[in-house]
Amino acid sequence: MFQKNSEITGTESIDWKTLPFGYLKTDFNIRCTFTEGIWSELEVSDSEYFPIHIAATGLHYGQEAFEGMKAYMGIDGKVRLFRWTENAKRFQISAKGILMAEVPNELFHEAILKAVKLNQRFIPPYGTGASLYIRPLLFGSGAEVGVKPSSEYTFIVFVSPVGPYFKEGFSPVKIAIVRDSDRAAPNGTGNLKVGGNYAASLRGIAKAHSFGCGSPLYLDSKDKLNIDEIGAANFFAIKNNTYITPKSDSILPSITNMSLIQLAQDLNLKAERRPISIDEIESFDEVGACGTAAIISPIGEIKDIENNKIYRFCINGQPGPISLKLYNTLVGIQNGEIPDKHNWTEIIELN
Ligand SMILES: Cc1ncc(COP(=O)(O)O)c(C=O)c1O
């Protein structure tokens with residue numbers, strides 16, 4: 001019924017193994033609108049553009065939230081989604097947090113399945129390290145002047161084949177502590193996946209880059225004493241056979257982190273979610289960044305420029321053994337190589 005996008009050359013020309021983490025045009029995206037309390041039917045579009053009212057609240061007042069998840073081609077030729085209900089739940093929490101209409105689970109599920117199925121020729125082959133990134137987004141599309149919630153919302157899902165988030169892949173990365181800008185305020189929206197947090201993080205990212213690092217390490221924005229998170233990933237550390245990750249109201253609850261906590265416990269590690277003082281860094285055996293995009297990025301160096309300190313991990317450039325085990329287990333479940341005993345994956349029936 002739907003014709004593939006003739007502007008796109010065959011996917012044979014895509015070098016899956018060197019694919020960056022970025023946007024690549026695919027055939028179709030999915031859209032629908034919430035007006036007068038009702039969600040419209042899902043529409044399929046082959047356009048990358050969307051006409052938007054000049055007074056839309058999403059443009060002026062930042063009423064916008066998004067999600068990030070992936071479809072993985074498995075060793076058995078089956079395509080898997082990972083814990084999509086957690087993304088749907090977080091999308092609803094983000095919407096509620098900035099007074100937007102919530103996308104119900106069934107609509108979310110139908111939209112992501114449609115987006116993956118209609119773009120199935122863009123699902124990277126098994127073994128390439130690439131996957132199909134799924135980006136649901138929601139924004140106030142109704143016109144308002146004066147700060148108030150919109151009366152209309154638009155929900156869109158597009159996909160893009162992506163390679164690893166950090167160009168180093170599963171190799172140690174460098175991060176820099178940033179103190180002179182904050183991505184989130186105490187009692188703000190740091191625990192939501194809303195666009196404003198990412199706008200607020202851009203200065204920190206630029207600063208980390210200027211120090212030769214891939215991402216900023218944010219501390220709690222009030223006292224700058226405890227570790228919050230790393231760019232668009234959560235922080236974890238390993239010490240004394242324990243997986244430790246920050247407890248903070250201003251970080252995004254990562255679905256990858258939640259899964260790693262479970263996998264760590266499955267490996268007979270203890271797991272702790274608690275405030276982590278910056279002074280504790282030196283005592284860690286392994287540190288890492290985790291998220292859908294990066295899965296796990298082992299951290300090789302944490303630079304504290306203001307205090308003229310560099311904390312070093314990953315001796316001989318090798319990721320720590322527990323990070324490696326956790327990474328292989330999670331990737332193995334997503335790729336269908338390891339039994340999914342927690343029922344985290346859903347197989348998508350392609351036609
Ligand atoms: C700020 C932030 N923290 C953490 C994460 C990791 O979350 P997840 O594992 O659900 O992708 C993300 C990515 O979504 C993020 O944007």
Side-chain angles (χ1 to χ4, degrees), residues 21-22 62 64-72 81-95 97-98 108 112 131-138 157 159-160 162 164-166 173 175 178 181-185 188-205 208 214-221 226-237 243 245-264 271 273 276 287-297 299 323 326-327 329-331 333-334 342 344-345:
F21 189 90
E64 190 274 345
F66 63 100
E67 269 305 321
M69 47 200 295
K70 286 173 171 174
Y72 306 86
L81 286 175
F82 184 73
R83 305 193 80 173
W84 71 266
T85 51
E86 294 297 336
N87 292 91
K89 198 199 291 174
R90 192 171 66 187
F91 202 39
Q92 289 154 6
I93 293 169
S94 297
I98 54 169
F108 184 89
I112 57 176
S131 48
L132 189 71
Y133 186 73
I134 308 169
R135 169 56 61 84
L137 67 144
L138 175 71
V157 180
V159 298
S160 178
V162 294
Y165 189 69
F166 288 104
V173 296
I175 59 170
V178 168
S181 69
D182 298 309
R183 68 171 280 284
T189 56
N191 62 328
L192 311 176
K193 200 161 168 69
V194 297
N197 296 340
Y198 296 82
S201 73
L202 291 174
R203 282 196 298 147
I205 294 172
S215 285
L217 173 63
Y218 287 110
L219 306 180
D220 75 283
S221 47
N226 292 331
I227 294 174
D228 248 4
E229 60 184 332
I230 303 169
N234 275 185
F235 175 93
F236 74 87
Y243 179 99
T245 193
K247 182 172 169 58
S248 160
D249 291 337
S250 53
I251 63 178
L252 190 76
S254 154
I255 296 158
T256 312
N257 197 5
M258 194 195 300
S259 311
L260 292 174
I261 289 175
Q262 179 63 59
L263 296 179
R273 211 188 262 280
I276 302 178
V287 289
C290 64
T292 299
I295 311 172
I296 286 180
S297 280
I299 294 169
S323 300
L326 289 170
Y327 176 87
T329 311
L330 186 53
V331 171
I333 293 171
Q334 291 167 337
H342 297 292
W344 284 339
T345 58

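Atoms within each ligand, like the ligands themselves, are counted from 1 in listed order. Predicted model, so just to flag it, every value in this text is computed and none were measured.
Nearest approach of Gly190 to Ala184, heavy atoms of both residues: CA-CB, 3.4 Å. Taking both residues in full, the closest heavy atoms of Thr256 and Thr292 are given as OG1-N, 3.1 Å, listed atom of the first, atom of the second, then distance. Residues Pro246 and Ile251 come closest through the heavy atom pair O-CD1, 3.7 Å.
Heavy atoms of Gly231 approach ligand 1 to within less than 4.0 angstrom. Ligand 1 lies within reach of Arg183, whose nearest heavy atom is under 4.0 Å from it. The shortest separation from a heavy atom of Arg90 to ligand 1 is under 4.0 Å, placing the residue in contact.
Every atom of ligand 1 is numbered from 1 in the order shown, and the set under 4.0 Å from a heavy atom of Thr256 is 8 (P), 9 (O). The contact set between ligand 1 and Tyr198, taken as ligand atoms under 4.0 Å from a residue heavy atom, comprises 1 (C), 2 (C), 15 (C), 16 (O). For ligand 1, the atoms sitting less than 4.0 Å from at least one non-hydrogen atom of Ile255 are 8 (P), 9 (O), 10 (O), numbered in the order shown with element in parentheses. Those atoms of ligand 1 with a heavy atom of Asn234 less than 4.0 angstrom away are 3 (N), 4 (C). Near Gly291, meaning under 4.0 Å from any of its heavy atoms, are these atoms of ligand 1: 6 (C), 9 (O), 11 (O). Below 4.0 Å from some heavy atom of Ser254 lie the following atoms of ligand 1, by number and element: 6 (C), 7 (O), 8 (P), 9 (O), 10 (O).
When non-hydrogen atoms are compared, ligand 1 lies under 4.0 Å from the side chain of Lys193 (C-beta onward) but not from its backbone. Contact annotation: for Glu229 versus ligand 1, heavy atoms closer than 4.0 Å belong to the side chain alone. Residue contacts with ligand 1 for Ala233 involve N, CA, C or O but no side-chain atom from C-beta outward (heavy atoms, distance under 4.0 Å).
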Are Ile227 and Leu217 close enough, and set up right, to give a side chain to side chain contact (heavy atoms under 4.5 Å, CB included), and what steps lead you there? CA-CA 8 Å; Ile227 294 174; Leu217 173 63; 3.7 Å; yes

What do the steps show when you test Asn234 against Leu260 for side chain to side chain contact (heavy atoms under 4.5 Å, CB included), and what is the final call? CA-CA 11 Å; Asn234 275 185; Leu260 292 174; over 6 Å; no

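For Ser250 and Asp228, the side-chain atoms include at least one donor-acceptor pair closer than 3.5 Å.
One distance of note links NZ of Lys193 with CZ of Phe66; it measures 4.0 Å at 0.5 Å rounding.
The shortest contact between atom 11 (O) of ligand 1 and any protein heavy atom is with Thr292 OG1, 2.6 Å. For atom 5 (C) of ligand 1, the closest heavy atom belonging to the protein is Ala232 O, 3.4 Å.
In this pair, Phe82 and Tyr72 present their aromatic rings perpendicular. The plane angle is above 60°, beyond the 30 to 60° band.
Heavy atoms from other residues, nucleotides or ligands lying under 6.0 Å from CZ of Arg203 number 12 at most.
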